[in-house]
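Reading through the structure tokens given below for one structure.
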Amino acid sequence: MHDAIPTTTLPDGRTVPVIGQGTWHMGERKASAAEEARTLRHGLDLGMTLIDTAEMYADGGAERVVAEAIKGRRADAFVVSKVLPTNASRDGTIKACEASLKRLGTDHIDLYLLHWRGRYRLSETVDAFETLRQAGKIGAWGVSNFDSDDMDELFAVPEGGNVATNQVLYNLNRRGIEYDLLKDAQARGVPIMAYSPLDEGRLLRHPDLIHIAKAHQATVAQIALAFLIRNPGVIVIPKTGMPERARENRASVEVHLTDDDLAALDRIFPPPWRKVPLEMI
């Protein structure tokens with residue numbers, strides 16, 4: 001019997017699993033699209049119902065892969081997509097959302113994010129988000145790649161406090177958000193969604209992590225994911241195009257790191273001792 005995937009609660013009361021599925025680099029090659037969709041469906045079967053995508057990924061190609069994966073089972077999936085900052089004017093956001101809905105083959109996106117900050121005022125984008133939410137086109141909205149000062153600015157905008165998540169780069173190699181952004185998010189009840197939780201695969205070859213993984217009869221990926229999801233309000237969205245890797249990611253909820261493990265990880269990957277600018281990839 002597998003451990004159930006823990007959930008975290010969004011500000012609107014909906015719950016989502018703390019391990020979801022990413023789609024960055026999916027939809028780039030027609031030859032692999034069917035296998036990518038099959039993997040996402042397998043992930044849904046395993047309870048990893050949150051699927052994260054964006055209009056930017058493969059110029060909408062990743063959204064089309066998601067459409068294939070959720071066909072006939074839309075109710076099983078919690079779909080997250082993103083608007084590019086170049087499209088994030090009031091009218092541009094609404095237009096971009098309509099285009100994403102069409103590619104996704106659905107009438108609503110569960111959570112819609114601003115991919116990163118651009119030239120448009122936050123108030124303009126938030127106004128568009130609220131319009132989409134009231135129309136039932138999106139369930140909630142959030143942001144991505146926002147640092148602490150960006151979040152403070154967002155909360156000062158009318159309706160800015162309705163933000164449902166901040167998706168940022170966070171993994172053992174890149175722990176900068178632990179200095180302030182993560183604590184602020186937890187205090188505000190805004191979940192953090194960690195993208196590239198395996199640092200684009202760089203962590204998988206780390207000899208010290210291999211040693212810790214062996215002690216747990218686990219994989220390095222499972223240790224790296226378990227480290228992140230032990231934090232309240234953190235959701236991870238690893239991407240894989242292989243069903244066996246999806247099963248491996250899902251099993252990370254069964255890895256329980258000890259105080260000794262955490263002390264060792266702090267030695268290997270020191271937590272930040274001062275504010276560092278938010279990293280992006």
For a 4.5 angstrom cut-off between non-hydrogen side-chain atoms, does L181 reach V168? yes
Within the structure provided, determine whether N166 and D150 are in side-chain contact (heavy-atom separation under 4.5 Å). no
Is V79 reachable from M193 through a run of hydrophobic residues whose side-chain heavy atoms are each under 4.5 Å from the next? no
Any idea which heavy atoms bring A37 and A69 closest together, and the distance? O-CB, 3.6 Å
Take atom CD of E244 as the centre, draw a 6.0 Å sphere, and report whether it contains more than 12 heavy atoms from other residues, nucleotides or ligands. yes
Pair I281-Y195, side-chain contact (heavy atoms from CB on, under 4.5 Å): steps then yes or no: CA-CA 9 Å; I281 50 172; Y195 74 79; 3.7 Å; yes
Could R73 and D45 be called an ion pair, given the rule that one side-chain N must be under 4.0 Å from one carboxylate O? yes
For E200, the salt bridge (charged side-chain N to carboxylate O under 4.0 Å, His left out) test, sequence neighbours excluded, returns R202
Please report the shortest heavy-atom distance between P271 and D266, naming the atom on each side. CD-O, 3.8 Å
Are any non-hydrogen side-chain atoms of Q134 and E130 less than 4.5 angstrom apart? yes
Taking A246's backbone N and O only, do any of them form a donor-acceptor pair with N249's side chain (distance below 3.5 Å, no angle check)? no
Say whether, by atom type as modelled, one donor and one acceptor occur between the side chain of E279 and the main chain of L169 under 3.5 angstrom. no
Determine, using the 4.5 Å side-chain heavy-atom cutoff (strictly less than), whether I51 and W24 are members of one ILVMFWY cluster. no
Shortest non-hydrogen pair, F146 vs M151, comes out as CB-SD, 3.7 Å
Given side-chain contact (heavy atoms from CB on, under 4.5 Å), test L114 with T93 step by step and report yes or no. CA-CA 9 Å; L114 172 61; T93 300; over 6 Å; no
Could you tell me whether R74 and D110 make a salt bridge, using a distance below 4.0 angstrom between a side-chain N and a carboxylate O? yes
Do the side chains of L132 and I94 get nearer than 4.5 Å, heavy atoms only? yes
Is the shortest heavy-atom distance from the side chain of T240 to the side chain of E248 under 4.5 Å? no
In short, E55 meets S100 closest at the heavy-atom pair CB-OG, 3.9 Å
Would you call K102 and E63 a salt bridge, taking side-chain N to carboxylate O under 4.0 Å as the test? no
Taking C-beta and beyond as the side chain, do H115 and N145 meet within less than 4.5 Å on heavy atoms? yes
Is it the case that one hydrophobic cluster holds both L203 and I19, taking links as side-chain heavy atoms less than 4.5 Å apart, direct or via other members? yes
May I have the step-by-step check of side-chain contact (heavy atoms from CB on, under 4.5 Å) for D208 and R267, ending in yes or no? CA-CA 10 Å; D208 293 312; R267 282 194 301 274; over 6 Å; no
Atom CG of L204 and atom OG1 of T219: how far apart are they, to the nearest 0.5 Å? 8.0 Å
Residues R247, L46; criterion side-chain contact (heavy atoms from CB on, under 4.5 Å); working and verdict: CA-CA 7 Å; R247 285 194 296 277; L46 295 169; 3.7 Å; yes
Is the side chain of T53 donor-acceptor paired with the backbone N or O of S81 at a distance under 3.5 Å, no angle test? no
W116, Y57, Y112 screened by side chain to side chain contact (heavy atoms under 4.5 Å, CB included) with K82, the one that passes: Y57
Single-linkage hydrophobic cluster, 4.5 Å side-chain cutoff, V276 and L172 together: no
Closer than 3.5 angstrom, by distance alone: can the side chain of Q21 be matched with the main-chain N or O of M48 as a donor-acceptor pair? yes
Do T131 and R90 have side-chain N/O donor and acceptor atoms under 3.5 Å apart? yes
Do I212 and F227 come within less than 4.5 Å of each other through their side chains, counting heavy atoms only? no
Closest approach of P11 to G189 (non-hydrogen atoms, all atoms of both residues): CG-O, 3.6 Å
Measuring only between side-chain heavy atoms, which start at C-beta, is N171 closer than 4.5 Å to L198? no
Cluster link V126 to V80, ILVMFWY, side chain under 4.5 Å: no
Could you check whether any side-chain N or O of E254 sits under 3.5 Å from a backbone N or O of A251, counting only pairs where one atom can act as donor and the other as acceptor? no
Taking atom types as modelled, is there a side-chain donor on D261 or H216 under 3.5 Å from an acceptor on the other? yes
Is there a donor-acceptor pair closer than 3.5 Å between any side-chain N or O of T8 and the backbone N or O of V18? no
Interatomic spacing from CG in L111 to CD1 in I138 - rounded to 0.5 Å: 8.0 Å
d(L44 CG, I70 CD1) to nearest 0.5 Å is 8.5 Å
Rounded to the nearest 0.5 Å, how far does CZ of F78 lie from CG of L50? 6.0 Å
Distance, nearest 0.5 Å, that separates CZ of R250 from CD of Q222: 11.0 Å
Could you tell me if R133 sits above the aromatic ring of F129, with its cationic atom closer than 6.0 Å to the ring centre and no more than 45 degrees from the axis? no
Nearest heavy-atom contact between R64 and D59 is NH1-O, 3.9 Å
Please evaluate residues R38 and E35 with respect to the criterion salt bridge (charged side-chain N to carboxylate O under 4.0 Å, His left out), reporting the C-alpha separation (whole Å), side-chain torsions for both, the decisive distance (0.1 Å), and the verdict. CA-CA 5 Å; R38 190 169 81 84; E35 180 68 359; 3.0 Å; yes
Looking at T165 and G142, would you say the former's side chain and the latter's main chain have a donor-acceptor pair under 3.5 Å? no
Side chain to side chain donor-acceptor pair (under 3.5 Å) pairs, two or more places apart, involving residues 178-194: S148-D180, D152-R188, Y170-E178, R175-E178, D180-K275
Enter the distance from D147:CG to E153:CD here, rounded to the nearest 0.5 Å. 12.0 Å
